[in-house]
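This is a predicted model, so every value here is computed, not measured. Both backbone and side-chain heavy atoms feed into the values below; hydrogens, waters and symmetry mates do not. In the text below, chain A, chain B and the rest are named by the order of the sequence lines, each starting its count at 1.
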Amino acid sequence: MGLLSKKDSKLILDPLADNNPITIQVLGICSALAITAQLKPSIVMAISVIFVLGVGNVVISLMRNIIPSKIRIIVQLIVVATLVIIVDQVLKAFAYELSKELSVFIGLIITNCIIMGRFEAFALGNGPWKSFLDGIGNALGYGVILIIVGFFRELFGSGTLFGIKVLGDSVEKTGLYAIGYENNGFMVLPPMALIVVGIIIWVQRSKNKALIEEN
Amino acid sequence: MEHVELFFKSVFVDNMVFAYFLGMCSYLAVSKKVSTAVGLGAAVIFVLTVTVPLNWLLDQYILQEGALSWLGAEYADYDLSFLSFILFIATIATMVQLVEIVVERFSPALYNSLGIFLPLIAVNCAILGGSLFMQSREIESFGLALNYGFSSGIGWFLAILAIAAIREKIRYSNVPAPLRGLGITFIITGLMAIGFMSFGGMLTGGDDAEKTPEGGSAQVETLSEETSKELAQNETLEVSDITPQ
């Protein structure tokens, strides 16, 4: 990468795999499970979190020397809540159907542990540019997991991607359905999200033995 | 009667953890031992019971469209619902701070055992989620809001107690190394969620729709149609219940 120094590009690349907020840091689980029944809400949620975490990290980092320590949680909450209100209003204006589908989970970005976690762990102690990169990196790591889970759940659960039927038509029995394939109805239900993330963790830790927990 | 129905629905069918995945971060982090899980669960029940009715009052008299009409007729058009997020989270953070102060003053032993968990409850998605669901489902009375807060807390408590007990028991099992700890907890929680789905027919007698692409909220939609018919019959009772606070 020509623009970024090695340390800076590490800030973006680390959370994508080795320090992934969802599978390693165990943050941001709630929304990762609840809205991934289809690919489109997953992508919209990922973009929202990238915006909120990127801008939020910069704002907190710029204010880091003037926030009194006793009220820093409240200040962080106000910053996040304001950014989330902006995201919510933009979604309601330009993608009303989607905002109805995501319903309370846009609001729950406020309590998304990744955002508060990165504020505390990084933005409060580092400069604005690095905080921005860290925010973008962690949000991208979160987005990657969301998209993987959303992809498999929509593909196996409804046979569609983005609403486009990719495996054939299940009603008219074309494509794969002609040979007797049926959608796995379970995949669109909440419990499968947990099991899919469990499998992702399994695959990730098999590849990188250093991440295995001691008993 | 709808109080009883709301109670059982919130504990089993709309369980905060198994149907909506709220409060998962602390659920996963704290469930290694039953004793800490019980402490956190009790704190969550308490905070939910206090904040959901408070936020209901805020929503009813300040935030909703037309809510400000008690100030004067010219304010009846104001719709402040876009401020919900900030006001709800401010109420929650304040209440948690108050609870912390009170517990530290009156029961230092409990305060020490809860440790860091009490301030962390302010950012637990289950707490904000309880208030947001209360708002989006348009819960009609203070009593129902109180009921909903309390029963959601009990549902969350049940979930974390169960997973902590199971995690203690599997510590000596042969879990494959990459799955150890976090991975197996996810899969067990998934299996428990499947088990809790069996409660779905509990309040409607068994014939509600099962799968739609909208995930967990599907069951809620069909159930709330049934209960809303019942609520309509009881409407005269509800109106007289709401007295100005």
Peer 1: Taking side chain as everything from C-beta outward and backbone as N, CA, C, O, which of these in I194(B) sits under 4.5 Å from a heavy atom of chain A? Side chain, backbone, both or neither.
Peer 2: both
Peer 1: If we ignore hydrogens and angles and just use 3.5 Å, is the side chain of D59(B) paired with the main-chain N or O of N55(B) as donor and acceptor?
Peer 2: no
Peer 1: Treating N183(A) as the side-chain partner and G185(A) as the backbone partner, does any N or O pair qualify as donor plus acceptor under 3.5 Å?
Peer 2: no
Peer 1: Verify the neighbour count for atom CZ of F157(B): are there more than 12 heavy atoms of other residues, nucleotides or ligands below 6.0 Å?
Peer 2: yes
Peer 1: Quick one: CD1 on I163(B) to OG1 on T189(B), what's the gap to the nearest 0.5 Å?
Peer 2: 4.0 Å
Peer 1: A177(B) versus chain A, heavy atoms under 4.5 Å apart: side chain, backbone, both or neither?
Peer 2: both
Peer 1: Taking the six-membered ring for Trp, are F8(B) and F12(B) parallel (under 30°), tilted (30 to 60°) or perpendicular (over 60°)?
Peer 2: parallel
Peer 1: Residues of residues 81-92 of chain A under 4.5 Å from chain B (heavy atom pairs)?
Peer 2: A81(A), T82(A), V84(A), I85(A), D88(A), Q89(A)
Peer 1: Okay, side chain of E154(A), backbone of L39(A): is any donor-acceptor separation there less than 3.5 Å?
Peer 2: yes
Peer 1: Tell me, side chain or backbone of S136(B) under 4.5 Å from chain A's heavy atoms, or both, or neither?
Peer 2: side chain
Peer 1: Answer with side chain, backbone, both or neither: which region of L33(A) has an atom nearer than 4.5 Å to a non-hydrogen atom of chain B?
Peer 2: both
Peer 1: Compute the centroid of each ring, for Y148(B) and then for F133(B), and state whether the two points are separated by less than 6.0 Å.
Peer 2: no
Peer 1: Is a side-chain N or O of R171(B) found less than 3.5 angstrom from the main chain of K32(B), in a donor-acceptor match?
Peer 2: yes
Peer 1: Among the options F88(B), F186(B), Y27(B), F18(B), pick out the one with the most heavy-atom pairs lying under 4.5 Å from chain A.
Peer 2: F186(B)
Peer 1: Do you know which of L108(A), I74(A), I195(A) has the most heavy-atom pairs with chain B at a distance under 4.5 angstrom?
Peer 2: L108(A)
Peer 1: Against chain B, work out which of I200(A), V196(A), I110(A) has the most heavy-atom pairs shorter than 4.5 Å and name it.
Peer 2: I110(A)
Peer 1: Using 4.0 Å as the upper bound for N to carboxylate O, is an ion pair formed by E120(A) and R72(A)?
Peer 2: yes
